[in-house]
**Student:** 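First, the structure itself, so that you have it in front of you.
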Amino acid sequence: MPELPEVETIRRSLEHRLCGVGIREAEVLLARQIKWPDVPGFVARVNGRCILRLQRRGKYLLLVLDDGSYIVIHLRMTGRLLYAAKEAVQDSYVRIVFHLENGDALYYADTRTLGAVYAMKPDELWRIRGLAEMGPEPLTAEFSADYLQGVLAGKKMKIKSFLLNQKWIGGLGNIYADEALFLAGILPMREAGSLSGMESQKLYEAVNRVIADGISEGGTTFRDYIDGDGKKGLHQENLFVYHRTGKACRNCGDSIVRTVVGGRGTHYCPHCQK
DNA sequence: CTAAGTACCTGTCCGC
DNA sequence: TGCGGACAGGTACTTA
(Lines give C-alpha, C1' and ligand atoms only; values in the text may rest on other atoms or scores of the structure.)
Protein backbone atom coordinates (compact mmCIF):
# COMPACT_ATOMS: atom_id res chain seq x y z
CA MET A 1 0.00 0.00 0.00
CA PRO A 2 2.18 2.84 1.10
CA GLU A 3 5.01 4.18 -0.98
CA LEU A 4 7.81 6.45 0.21
CA PRO A 5 5.62 9.55 0.81
CA GLU A 6 3.07 7.55 2.82
CA VAL A 7 5.73 5.84 4.97
CA GLU A 8 7.46 9.17 5.56
CA THR A 9 4.13 10.71 6.61
CA ILE A 10 3.55 7.83 9.01
CA ARG A 11 7.07 8.26 10.39
CA ARG A 12 6.51 11.96 11.03
CA SER A 13 3.10 11.39 12.62
CA LEU A 14 4.44 8.75 15.02
CA GLU A 15 7.84 10.20 15.83
CA HIS A 16 6.71 12.75 18.42
CA ARG A 17 4.51 10.17 20.14
CA LEU A 18 6.97 7.26 20.27
CA CYS A 19 10.36 8.86 20.92
CA GLY A 20 11.46 8.09 24.48
CA VAL A 21 8.53 5.74 25.08
CA GLY A 22 9.06 2.26 26.54
CA ILE A 23 7.49 -0.92 25.19
CA ARG A 24 5.89 -2.84 28.02
CA GLU A 25 4.79 -5.87 26.02
CA ALA A 26 4.41 -6.91 22.41
CA GLU A 27 1.26 -8.93 21.74
CA VAL A 28 1.47 -10.92 18.50
CA LEU A 29 -1.99 -11.87 17.24
CA LEU A 30 -0.90 -13.25 13.86
CA ALA A 31 2.42 -15.07 13.96
CA ARG A 32 3.17 -15.05 10.24
CA GLN A 33 3.57 -11.27 10.20
CA ILE A 34 6.75 -11.71 12.26
CA LYS A 35 9.53 -12.57 9.84
CA TRP A 36 12.53 -12.52 12.22
CA PRO A 37 13.32 -14.05 14.61
CA ASP A 38 10.51 -16.40 15.71
CA VAL A 39 7.59 -15.00 17.72
CA PRO A 40 8.98 -15.78 21.22
CA GLY A 41 12.31 -14.34 20.14
CA PHE A 42 10.65 -11.24 18.75
CA VAL A 43 8.71 -10.64 21.97
CA ALA A 44 11.79 -11.23 24.11
CA ARG A 45 13.85 -8.78 22.09
CA VAL A 46 11.21 -6.04 22.16
CA ASN A 47 9.69 -6.22 25.63
CA GLY A 48 11.17 -3.67 28.05
CA ARG A 49 13.02 -1.72 25.36
CA CYS A 50 12.67 2.02 24.83
CA ILE A 51 12.09 3.59 21.38
CA LEU A 52 14.76 6.23 20.71
CA ARG A 53 13.75 7.44 17.24
CA LEU A 54 12.05 6.52 13.97
CA GLN A 55 13.95 6.16 10.70
CA ARG A 56 12.79 5.40 7.18
CA ARG A 57 14.59 3.76 4.27
CA GLY A 58 12.53 3.55 1.09
CA LYS A 59 9.25 1.98 2.19
CA TYR A 60 10.74 0.46 5.36
CA LEU A 61 10.10 2.03 8.76
CA LEU A 62 12.74 1.42 11.44
CA LEU A 63 12.14 1.93 15.16
CA VAL A 64 15.54 2.40 16.80
CA LEU A 65 15.63 0.84 20.26
CA ASP A 66 17.78 1.75 23.26
CA ASP A 67 20.02 -1.32 22.92
CA GLY A 68 20.93 -0.40 19.34
CA SER A 69 18.56 -2.95 17.81
CA TYR A 70 15.65 -2.22 15.48
CA ILE A 71 12.03 -3.04 14.92
CA VAL A 72 11.78 -3.03 11.11
CA ILE A 73 8.34 -2.77 9.51
CA HIS A 74 7.29 -3.07 5.87
CA LEU A 75 3.57 -2.37 5.35
CA ARG A 76 3.38 -3.93 1.86
CA MET A 77 -0.15 -3.44 0.46
CA THR A 78 -2.49 -2.93 3.40
CA GLY A 79 -0.38 -2.51 6.54
CA ARG A 80 -1.25 0.35 8.87
CA LEU A 81 0.36 1.71 12.03
CA LEU A 82 -1.85 3.48 14.52
CA TYR A 83 -1.07 5.13 17.81
CA ALA A 84 -3.98 5.07 20.22
CA ALA A 85 -4.43 6.38 23.71
CA LYS A 86 -5.97 3.98 26.21
CA GLU A 87 -8.84 2.40 24.27
CA ALA A 88 -8.30 -0.01 21.41
CA VAL A 89 -8.43 1.37 17.88
CA GLN A 90 -11.48 0.64 15.73
CA ASP A 91 -9.77 -1.65 13.29
CA SER A 92 -10.80 -5.27 12.75
CA TYR A 93 -7.44 -6.26 11.32
CA VAL A 94 -5.04 -5.60 14.18
CA ARG A 95 -2.25 -8.21 13.99
CA ILE A 96 0.27 -6.91 16.54
CA VAL A 97 -0.19 -4.64 19.58
CA PHE A 98 2.76 -2.90 21.22
CA HIS A 99 1.53 -2.05 24.72
CA LEU A 100 3.49 0.99 25.86
CA GLU A 101 4.73 1.96 29.32
CA ASN A 102 2.70 5.17 29.18
CA GLY A 103 -0.56 3.21 28.92
CA ASP A 104 -1.08 3.93 25.22
CA ALA A 105 -0.50 1.40 22.44
CA LEU A 106 0.93 1.16 18.93
CA TYR A 107 -1.19 -1.06 16.69
CA TYR A 108 -0.04 -2.85 13.58
CA ALA A 109 -3.11 -3.65 11.45
CA ASP A 110 -3.04 -5.39 8.07
CA THR A 111 -6.05 -6.57 6.04
CA ARG A 112 -4.24 -8.77 3.54
CA THR A 113 -1.52 -9.78 6.04
CA LEU A 114 1.25 -9.38 3.48
CA GLY A 115 3.27 -7.01 5.68
CA ALA A 116 6.54 -7.92 7.38
CA VAL A 117 7.80 -7.12 10.88
CA TYR A 118 11.29 -7.93 12.19
CA ALA A 119 13.30 -7.45 15.40
CA MET A 120 16.88 -7.07 14.21
CA LYS A 121 20.28 -6.54 15.76
CA PRO A 122 22.47 -4.20 13.70
CA ASP A 123 24.59 -7.05 12.33
CA GLU A 124 21.45 -8.87 11.16
CA LEU A 125 20.01 -6.15 8.92
CA TRP A 126 21.67 -7.69 5.86
CA ARG A 127 19.13 -10.51 6.14
CA ILE A 128 16.39 -8.19 4.90
CA ARG A 129 17.44 -8.26 1.28
CA GLY A 130 14.93 -5.66 0.12
CA LEU A 131 16.46 -3.27 2.64
CA ALA A 132 20.10 -4.23 2.16
CA GLU A 133 19.99 -4.12 -1.64
CA MET A 134 17.88 -0.98 -2.01
CA GLY A 135 19.10 1.67 -4.41
CA PRO A 136 19.29 5.42 -3.72
CA GLU A 137 16.14 7.34 -2.87
CA PRO A 138 14.65 10.34 -4.65
CA LEU A 139 15.59 13.72 -3.16
CA THR A 140 19.05 12.52 -2.05
CA ALA A 141 22.50 13.39 -3.41
CA GLU A 142 23.09 9.75 -4.41
CA PHE A 143 20.06 9.88 -6.70
CA SER A 144 21.41 12.18 -9.42
CA ALA A 145 20.56 12.67 -13.08
CA ASP A 146 23.87 11.02 -13.94
CA TYR A 147 23.10 8.03 -11.71
CA LEU A 148 19.72 7.54 -13.37
CA GLN A 149 21.14 7.77 -16.87
CA GLY A 150 23.85 5.29 -15.92
CA VAL A 151 21.54 2.62 -14.52
CA LEU A 152 19.05 3.01 -17.38
CA ALA A 153 21.73 2.23 -19.96
CA GLY A 154 21.24 -1.13 -21.65
CA LYS A 155 18.13 -2.09 -19.65
CA LYS A 156 15.70 -4.14 -21.74
CA MET A 157 12.88 -4.04 -19.19
CA LYS A 158 9.98 -1.63 -19.50
CA ILE A 159 10.55 1.75 -17.87
CA LYS A 160 7.54 1.23 -15.56
CA SER A 161 9.00 -2.04 -14.25
CA PHE A 162 12.37 -0.33 -13.85
CA LEU A 163 10.86 2.38 -11.65
CA LEU A 164 9.11 -0.19 -9.45
CA ASN A 165 12.30 -2.20 -8.86
CA GLN A 166 13.66 -0.99 -5.52
CA LYS A 167 17.23 -2.00 -6.33
CA TRP A 168 17.53 0.91 -8.79
CA ILE A 169 15.48 3.57 -6.98
CA GLY A 170 14.14 3.08 -3.45
CA GLY A 171 10.63 4.17 -2.57
CA LEU A 172 8.59 4.42 -5.77
CA GLY A 173 5.42 2.34 -6.06
CA ASN A 174 2.57 2.04 -8.53
CA ILE A 175 1.04 5.49 -8.00
CA TYR A 176 4.19 7.57 -8.08
CA ALA A 177 5.73 5.56 -10.94
CA ASP A 178 2.71 6.31 -13.15
CA GLU A 179 2.69 9.96 -12.09
CA ALA A 180 6.42 10.42 -12.71
CA LEU A 181 6.15 8.93 -16.21
CA PHE A 182 3.28 11.29 -17.01
CA LEU A 183 5.20 14.34 -15.83
CA ALA A 184 8.23 13.22 -17.86
CA GLY A 185 6.08 12.60 -20.96
CA ILE A 186 7.27 8.98 -21.28
CA LEU A 187 5.09 5.95 -22.07
CA PRO A 188 5.29 3.27 -19.36
CA MET A 189 5.87 0.42 -21.82
CA ARG A 190 8.98 2.01 -23.32
CA GLU A 191 12.22 0.01 -23.01
CA ALA A 192 14.18 1.57 -20.13
CA GLY A 193 17.43 1.70 -22.07
CA SER A 194 15.78 3.54 -24.96
CA LEU A 195 15.36 6.85 -23.12
CA SER A 196 17.31 9.78 -24.57
CA GLY A 197 19.50 11.97 -22.38
CA MET A 198 16.77 14.59 -22.39
CA GLU A 199 14.11 12.06 -21.38
CA SER A 200 16.32 10.66 -18.64
CA GLN A 201 16.81 14.17 -17.26
CA LYS A 202 13.07 14.86 -17.35
CA LEU A 203 12.34 11.57 -15.60
CA TYR A 204 14.89 12.40 -12.91
CA GLU A 205 13.17 15.71 -12.23
CA ALA A 206 9.70 14.12 -12.37
CA VAL A 207 10.57 11.38 -9.85
CA ASN A 208 11.86 13.95 -7.38
CA ARG A 209 8.83 16.16 -7.91
CA VAL A 210 6.15 13.49 -7.40
CA ILE A 211 7.84 12.24 -4.24
CA ALA A 212 8.27 15.77 -2.85
CA ASP A 213 4.64 16.65 -3.66
CA GLY A 214 3.41 13.38 -2.17
CA ILE A 215 5.22 14.04 1.09
CA SER A 216 4.09 17.67 1.32
CA GLU A 217 0.48 16.55 0.87
CA GLY A 218 0.67 13.79 3.44
CA GLY A 219 0.51 10.88 0.98
CA THR A 220 -2.22 9.47 -1.26
CA THR A 221 -5.32 7.75 0.18
CA PHE A 222 -7.51 5.53 -1.99
CA ARG A 223 -8.59 2.84 0.39
CA ASP A 224 -6.47 1.73 3.30
CA TYR A 225 -3.77 4.31 3.76
CA ILE A 226 -3.87 6.50 6.87
CA ASP A 227 -1.07 8.02 8.94
CA GLY A 228 -0.26 7.19 12.57
CA ASP A 229 -3.03 9.49 13.78
CA GLY A 230 -5.61 7.91 11.47
CA LYS A 231 -5.57 10.85 9.05
CA LYS A 232 -5.89 10.46 5.29
CA GLY A 233 -3.53 11.96 2.73
CA LEU A 234 -4.46 14.69 0.25
CA HIS A 235 -2.37 13.88 -2.81
CA GLN A 236 -5.15 11.84 -4.49
CA GLU A 237 -6.75 15.20 -5.32
CA ASN A 238 -3.76 16.18 -7.43
CA LEU A 239 -3.00 13.03 -9.42
CA PHE A 240 -2.67 13.31 -13.19
CA VAL A 241 -3.17 9.71 -14.31
CA TYR A 242 -3.29 7.16 -11.48
CA HIS A 243 -6.84 5.90 -10.88
CA ARG A 244 -8.16 8.32 -13.54
CA THR A 245 -9.04 5.80 -16.28
CA GLY A 246 -11.36 7.41 -18.86
CA LYS A 247 -11.16 10.84 -17.26
CA ALA A 248 -9.84 13.89 -19.07
CA CYS A 249 -6.09 14.46 -19.04
CA ARG A 250 -5.41 17.57 -16.98
CA ASN A 251 -2.98 18.71 -19.64
CA CYS A 252 -4.63 17.97 -23.01
CA GLY A 253 -8.16 16.76 -22.26
CA ASP A 254 -7.79 13.34 -23.88
CA SER A 255 -8.95 10.24 -22.03
CA ILE A 256 -6.54 8.60 -19.60
CA VAL A 257 -5.90 4.96 -20.57
CA ARG A 258 -5.40 1.99 -18.28
CA THR A 259 -3.32 -1.01 -19.30
CA VAL A 260 -1.18 -3.64 -17.59
CA VAL A 261 2.61 -3.39 -17.56
CA GLY A 262 4.69 -5.91 -15.67
CA GLY A 263 1.54 -7.28 -14.09
CA ARG A 264 0.56 -3.94 -12.56
CA GLY A 265 -2.29 -1.63 -13.47
CA THR A 266 -0.75 1.26 -15.39
CA HIS A 267 -2.28 4.61 -16.31
CA TYR A 268 -1.13 7.09 -18.92
CA CYS A 269 -2.15 9.77 -21.40
CA PRO A 270 -1.61 8.51 -24.97
CA HIS A 271 -1.35 12.10 -26.23
CA CYS A 272 1.05 13.58 -23.66
CA GLN A 273 3.35 10.56 -23.24
CA LYS A 274 5.62 9.32 -26.07
C1' DC B 1 23.33 -11.86 -14.85
C1' DT B 2 18.37 -10.09 -16.72
C1' DA B 3 13.47 -10.29 -17.34
C1' DA B 4 9.01 -12.21 -16.79
C1' DG B 5 5.59 -14.96 -14.39
C1' DT B 6 3.55 -16.65 -10.09
C1' DA B 7 2.58 -16.87 -5.11
C1' DC B 8 1.29 -14.85 -0.98
C1' DC B 9 -3.60 -12.95 1.46
C1' DT B 10 -8.28 -10.72 2.07
C1' DG B 11 -11.64 -7.67 0.57
C1' DT B 12 -14.33 -4.95 -2.86
C1' DC B 13 -16.49 -4.09 -7.04
C1' DC B 14 -18.73 -5.07 -11.42
C1' DG B 15 -21.17 -7.77 -14.82
C1' DC B 16 -24.33 -11.49 -15.61
C1' DT C 1 -29.25 -11.93 -4.23
C1' DG C 2 -25.59 -14.87 -5.74
C1' DC C 3 -21.48 -16.10 -8.21
C1' DG C 4 -17.24 -15.64 -10.83
C1' DG C 5 -13.56 -12.89 -12.10
C1' DA C 6 -10.76 -8.81 -12.02
C1' DC C 7 -8.45 -5.79 -9.22
C1' DA C 8 -5.89 -3.65 -5.07
C1' DG C 9 -0.17 2.06 -2.48
C1' DG C 10 4.31 -4.84 -2.78
C1' DT C 11 7.82 -7.98 -2.89
C1' DA C 12 9.96 -12.85 -2.75
C1' DC C 13 10.52 -16.74 -5.17
C1' DT C 14 10.76 -19.59 -9.38
C1' DT C 15 11.47 -20.15 -14.14
C1' DA C 16 13.48 -19.22 -18.80
Side-chain angles (χ1 to χ4, degrees), chain A residues 1-11 29-36 56-61 72-81 91-95 108-118 127-135 138 151-181 188-194 210-211 213-215 217-227 231-239 241-246 258-267:
Chain A
M1 146 189 124
E3 308 179 33
L4 191 160
E6 288 73 38
V7 179
E8 176 61 16
T9 302
I10 292 167
R11 191 194 68 78
L29 303 173
L30 185 62
R32 68 167 177 273
Q33 307 254 216
I34 305 293
K35 307 299 181 185
W36 187 270
R56 182 193 52 74
R57 177 80 174 94
K59 304 173 193 174
Y60 288 87
L61 190 68
V72 181
I73 301 173
H74 195 302
L75 301 167
R76 293 282 179 89
M77 297 289 267
T78 54
R80 300 177 290 281
L81 276 172
D91 195 312
S92 315
Y93 303 98
V94 171
R95 312 302 187 187
Y108 175 80
D110 193 341
T111 308
R112 292 174 66 183
T113 73
L114 297 173
V117 180
Y118 314 77
R127 292 179 176 279
I128 308 177
R129 286 182 54 192
L131 182 61
E133 297 174 12
M134 189 184 303
V151 288
L152 282 170
K155 292 283 184 305
K156 295 291 184 188
M157 65 171 61
K158 295 177 172 67
I159 188 64
K160 168 76 182 275
S161 300
F162 172 89
L163 291 177
L164 291 178
N165 190 327
Q166 306 294 298
K167 74 182 289 186
W168 306 119
I169 307 172
L172 285 175
N174 212 30
I175 296 176
Y176 296 96
D178 279 3
E179 293 296 305
L181 287 168
M189 59 290 287
R190 284 271 303 280
E191 185 180 307
S194 77
V210 295
I211 294 298
D213 287 353
I215 293 172
E217 289 167 344
T220 307
T221 297
F222 273 112
R223 33 180 64 213
D224 301 296
Y225 166 69
I226 45 176
D227 73 11
K231 293 205 286 273
K232 295 180 176 181
L234 299 173
H235 191 58
Q236 62 276 11
E237 308 298 331
N238 295 313
L239 296 176
V241 289
Y242 185 84
H243 218 268
R244 298 195 68 243
T245 310
R258 180 188 182 278
T259 184
V260 175
V261 175
R264 307 296 304 276
T266 298
H267 314 74

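Side chains included, hydrogens not; waters and symmetry mates left out as well; all remaining heavy atoms used. Convention: sequence-line order gives letters A, B, ...; per-chain numbering from 1.
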**Student:** Can you tell me how far C1' of dT6(B) sits from CZ of Arg264(A), to the nearest Å?
**Tutor:** 14 Å

**Student:** Take Leu114(A) and Lys156(A), find for each the nucleotide of DNA chain B with the closest heavy atom, and name the residue whose nucleotide sits nearer the 5' end.
**Tutor:** Lys156(A)

**Student:** Ile73(A) CD1 to dT11(C) P: how many Å, rounded?
**Tutor:** 15 Å

**Student:** Any sub-3.5 Å donor-acceptor pair from Asp178(A)'s side-chain atoms to His267(A)'s backbone N or O?
**Tutor:** yes

**Student:** In whole angstrom, what separates Phe162(A)'s CZ from dA4(B)'s P?
**Tutor:** 14 Å

**Student:** Can you find a side chain N or O atom of Lys59(A) that sits less than 4.0 Å from OP1 or OP2 on dT11(C)?
**Tutor:** yes

**Student:** Stem list for DNA chain B, please, built from Watson-Crick and G-U wobble pairs under 3.5 Å and keeping only runs of at least 3.
**Tutor:** B:2-8 with C:10-16, B:10-16 with C:2-8

**Student:** Using only heavy-atom distances, decide whether a donor-acceptor pair under 3.5 angstrom links the side-chain of Arg112(A) to the base of dA8(C).
**Tutor:** yes

**Student:** Phosphate oxygens OP1/OP2 of dG10(C): is one of them under 4.0 Å from a side-chain N or O of His74(A)?
**Tutor:** no

**Student:** What nucleotide, of dG11(B), dC9(B), dA3(B), holds the atom closest to the side chain of Arg223(A)?
**Tutor:** dG11(B)

**Student:** What's the gap between dC9(B) and dC13(C) when it is taken at their P atoms, as a whole Å value?
**Tutor:** 14 Å

**Student:** With a non-hydrogen cut-off below 4.0 angstrom, is Thr220(A) in contact with a base, only sugar-phosphate, or nothing?
**Tutor:** base

**Student:** NA contact type, Tyr93(A), heavy-atom cut-off 4.0 Å: base, sugar-phosphate, or nothing?
**Tutor:** sugar-phosphate

**Student:** Tell me what Tyr60(A) touches on the nucleic acid: a base, only sugar-phosphate, or nothing, going by heavy atoms under 4.0 Å.
**Tutor:** sugar-phosphate

**Student:** Out of dC9(B), dA3(B), dG10(C), which nucleotide sits closest to the side chain of Asn174(A)?
**Tutor:** dG10(C)

**Student:** In whole Å, I'd like the distance from the CG atom of Asp91(A) to the C1' atom of dT10(B).
**Tutor:** 13 Å

**Student:** Return whichever of Ser161(A) or Thr111(A) has its heavy-atom-nearest nucleotide of DNA chain B closer to the 5' end.
**Tutor:** Ser161(A)

**Student:** Distance alone, cut at 3.5 Å: any donor-acceptor contact between the side chains of Glu3(A) and Tyr225(A)?
**Tutor:** no

**Student:** Roughly, in whole Å, what's the span from CZ in Arg32(A) to P in dA7(B)?
**Tutor:** 17 Å

**Student:** Counting N and O atoms only, with roles assigned by atom type, does the side chain of Arg32(A) sit under 3.5 Å from a partner on the main chain of Leu30(A), one being a donor and the other an acceptor?
**Tutor:** no

**Student:** Closer than 3.5 angstrom, by distance alone: can the side chain of Gln166(A) be matched with the main-chain N or O of Gly171(A) as a donor-acceptor pair?
**Tutor:** yes

**Student:** Can you check whether Lys158(A) has a side-chain N or O nearer than 4.0 Å to OP1 or OP2 of dA3(B)?
**Tutor:** no

**Student:** With distance as the sole test, does Glu217(A) use its side chain to make a donor-acceptor pair with the main-chain N or O of Gly233(A) at under 3.5 Å?
**Tutor:** no

**Student:** Counting heavy atoms from C-beta on, name the nucleotide in dT2(B), dA3(B), dG10(C) closest to the side chain of Met157(A).
**Tutor:** dA3(B)

**Student:** Expressed as a whole number of angstroms, how long is the span from Tyr242(A):OH to dG10(C):C1'?
**Tutor:** 12 Å

**Student:** Can Arg95(A) and Thr113(A) be counted as having a side-chain donor-acceptor contact under 3.5 angstrom?
**Tutor:** no

**Student:** By nearest atom, which of the nucleotides dG11(B), dA3(B), dC9(B) is closest to the Thr113(A) side chain?
**Tutor:** dC9(B)

**Student:** Has Lys158(A) got more than 12 heavy atoms of other residues, nucleotides or ligands less than 6.0 Å from its NZ?
**Tutor:** no

**Student:** Indicate whether OP1 or OP2 belonging to dT11(C) is found under 4.0 Å from a side-chain N or O atom of Gln166(A).
**Tutor:** yes

**Student:** Which nucleotide in the set dG10(C), dC13(C), dG11(B) lies at the smallest distance from any side-chain heavy atom of Arg129(A)?
**Tutor:** dC13(C)

**Student:** On a heavy-atom basis, which atom in Pro2(A) and which in Lys59(A) lie closest, and how many Å separate them?
**Tutor:** O-CD, 3.8 Å

**Student:** Roughly how many Å is it from CG in Asn165(A) to C1' in dC1(B), rounded to a whole number?
**Tutor:** 13 Å

**Student:** Can you tell me how far C1' of dT11(C) sits from CD of Gln33(A), to the nearest Å?
**Tutor:** 14 Å

**Student:** Once you measure the plane-to-plane angle for His235(A) and Tyr176(A), does it fall in the parallel (<30°), tilted (30-60°) or perpendicular (>60°) bin?
**Tutor:** parallel

**Student:** Give one of base, sugar-phosphate or nothing for Arg95(A), where a contact means two heavy atoms less than 4.0 Å apart.
**Tutor:** nothing

